[in-house]
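Below: the structure, in structure tokens.
Residue numbers start at 1 and run along the sequence shown.
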Amino acid sequence: MNEFERKKVVEVVLYILNKIGGTDIYHLFKIIYFAEMKHLSKWGTRIIKDNLCAIKFGPVPTELYYAIKGERNPELASLIHSSTEFAGDDAPNVLLPKKTPNIDYLSKSDIEALDESIKENATLTFDELKMKSHDKAWKEAYDNWKISNVISPMTMASVMNADTVTLEYIKEQMDLEKMLL
């Protein structure tokens, strides 16, 4: 993840937290997941550069998860911790924003997908979010965890009924990324 990509992750987090006045990390991760699905199915691209991994309770943006915990990616962890804070002892998993997001990092399509996901998911219970996020894309990755638990952008888009052209575009982009690594 380069500097721009790290900053964009932080701005996405700040955008969500400011929109709903803070939230627990479970809701944050699922809002991001469903926004990513919407964006992929409509535009063929992701909002943030972070692998979504299938774990027991649903999809998790891996680098963001570790950054919030203060592990691995120290640059992202530093940006997250300077921009957000935990609510306190009585709500240790609730993140609050320390500042407003820099909207320059978000496209109109990013904001549209984030707003739709916030509207649809911010008030769902833990169990409702768990059930909703245990979709075909999550299941495919979760069932193959011995190989990789990274959720396929292709499958995410197909769950949202992306058209054939969009799916072909996503596949081309994934193939191109593999060649560049």
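- Between Tyr15 and Tyr105, the ring centre distance reaches or exceeds 6.0 Å.
- Between the CD atom in Glu36 and the CG atom in Leu114 there is a gap of 8.0 Å [rounded to 0.5 Å].
- Cluster annotation: Ile48 is connected to Ile80 through the hydrophobic network of ILVMFWY side chains, with a link wherever side-chain heavy atoms come within less than 4.5 Å.
- Comment: Glu177 engages Lys49 in a salt bridge, judged by a side-chain N to carboxylate O separation of less than 4.0 angstrom.
- Every pair tested for side-chain hydrogen bond (donor to acceptor under 3.5 Å, both in side chains) that includes a residue from residues 76-93 fails, sequence neighbours excluded, so the list is empty.
- Side chain of Asp175 to backbone of Glu172: no donor-acceptor contact under 3.5 angstrom is found.
- Here the straight-line distance linking atom OH of Tyr26 with atom OG1 of Thr125 works out to 9.0 Å at 0.5 Å rounding.
- How far CD1 of Ile147 is from CG of Asn149: 11.5 Å, rounded to the nearest 0.5 Å.
- Tyr66 has its side chain out of reach of Asn73: every pair of non-hydrogen atoms, C-beta onward, lies at least 4.5 Å apart.
- Proximity of Gln173 to Thr45: side-chain heavy atoms (C-beta onward) are nowhere separated by under 4.5 Å.
- Lys30 places no side-chain N or O within donor-acceptor distance of the main-chain N or O of Phe126, the cut-off being under 3.5 Å.
- Trp138 places a side-chain N or O within donor-acceptor distance of the main-chain N or O of Ile55, the cut-off being under 3.5 Å.
- The list of salt bridge (charged side-chain N to carboxylate O under 4.0 Å, His left out) pairs with a residue in residues 64-75, not counting sequence neighbours, reads Glu63-Arg72, Lys69-Glu71.
- Here the NE2-CD1 distance, from His27 to Ile20, works out to 8.0 Å after rounding to the nearest 0.5 Å.
- Of all the heavy atoms in Ser41 and Ala157, the pair that sits closest is CB-O, 3.9 Å.
- Scanning both residues, Pro101 and Asn18, for their nearest heavy atoms gives CD-ND2, 3.5 Å.
- Without hydrogens or angle criteria, Ser117 side chain to Ile31 main chain gives a donor-acceptor distance under 3.5 Å.
- A donor-acceptor contact under 3.5 angstrom links the side chains of Lys132 and Asn121, judged on distance only.
- No side-chain heavy atom of Phe86 sits under 4.5 Å from any side-chain heavy atom of Leu96.
- The existence of a salt bridge linking Lys119 and Asp115 is excluded, since no basic side-chain nitrogen approaches an acidic carboxylate oxygen closer than 4.0 Å.
- Considering only heavy atoms from C-beta on, Glu116 stays 4.5 Å or farther from Lys42 through its side chain.
- Note on Ile25 and Val9: same hydrophobic cluster, where clusters join Ile, Leu, Val, Met, Phe, Trp and Tyr whose side-chain heavy atoms are under 4.5 Å apart, directly or indirectly.
- Connection of Leu64 to Met37 is not established within any shared hydrophobic cluster, with ILVMFWY side chains joined at heavy-atom distances below 4.5 Å, either directly or through further cluster members.
- Proximity of a side-chain donor or acceptor of Ser133 to a complementary backbone N or O of Pro59 within less than 3.5 Å is not detected.
- Side-chain heavy atoms closer than 4.5 Å link hydrophobic residues (I, L, V, M, F, W, Y) into clusters, and following such links, possibly through other members, connects Leu167 to Met174.
- The distance from the CD1 atom of Ile151 to the CD atom of Glu140 is 9.5 Å, given to the nearest 0.5 Å.
- Side-chain contact check for Leu106 versus Lys8: some heavy-atom pair is nearer than 4.5 Å.
- In terms of heavy atoms, Ala77 sits closest to Gly70 at CB-CA, 4.3 Å.
- For the atom pair Leu17 CG and Lys98 NZ, the distance stands at 12.0 Å (nearest 0.5 Å).
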With a 3.5 Å cut-off and sequence neighbours excluded, list the donor-acceptor pairs that the side chains of residues 159-166 form with protein atoms.
| unit_1 | atom_1 | unit_2 | atom_2 | d |
| --- | --- | --- | --- | --- |
| Asp163 | OD1 | Val165 | N | 3.3 |
| Asp163 | OD1 | Thr166 | N | 2.7 |
| Asp163 | OD1 | Thr166 | OG1 | 2.7 |

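- For NZ of Lys139, the number of neighbouring non-hydrogen atoms (other residues, nucleotides, ligands) closer than 6.0 Å is 12 at most.
- Under the 4.5 Å side-chain heavy-atom criterion for ILVMFWY residues, no single connected hydrophobic cluster contains both Ile16 and Leu129.
- Side-chain contact between Ile170 and Met156 is absent, with no heavy atoms from C-beta onward closer than 4.5 Å.
- Among the candidates Glu5, Glu3, Arg6, the single residue satisfying the side-chain contact (heavy atoms from CB on, under 4.5 Å) test with Leu76 is Arg6.
- Between Ile68 and Leu28 there is a side-chain heavy-atom pair separated by less than 4.5 Å.
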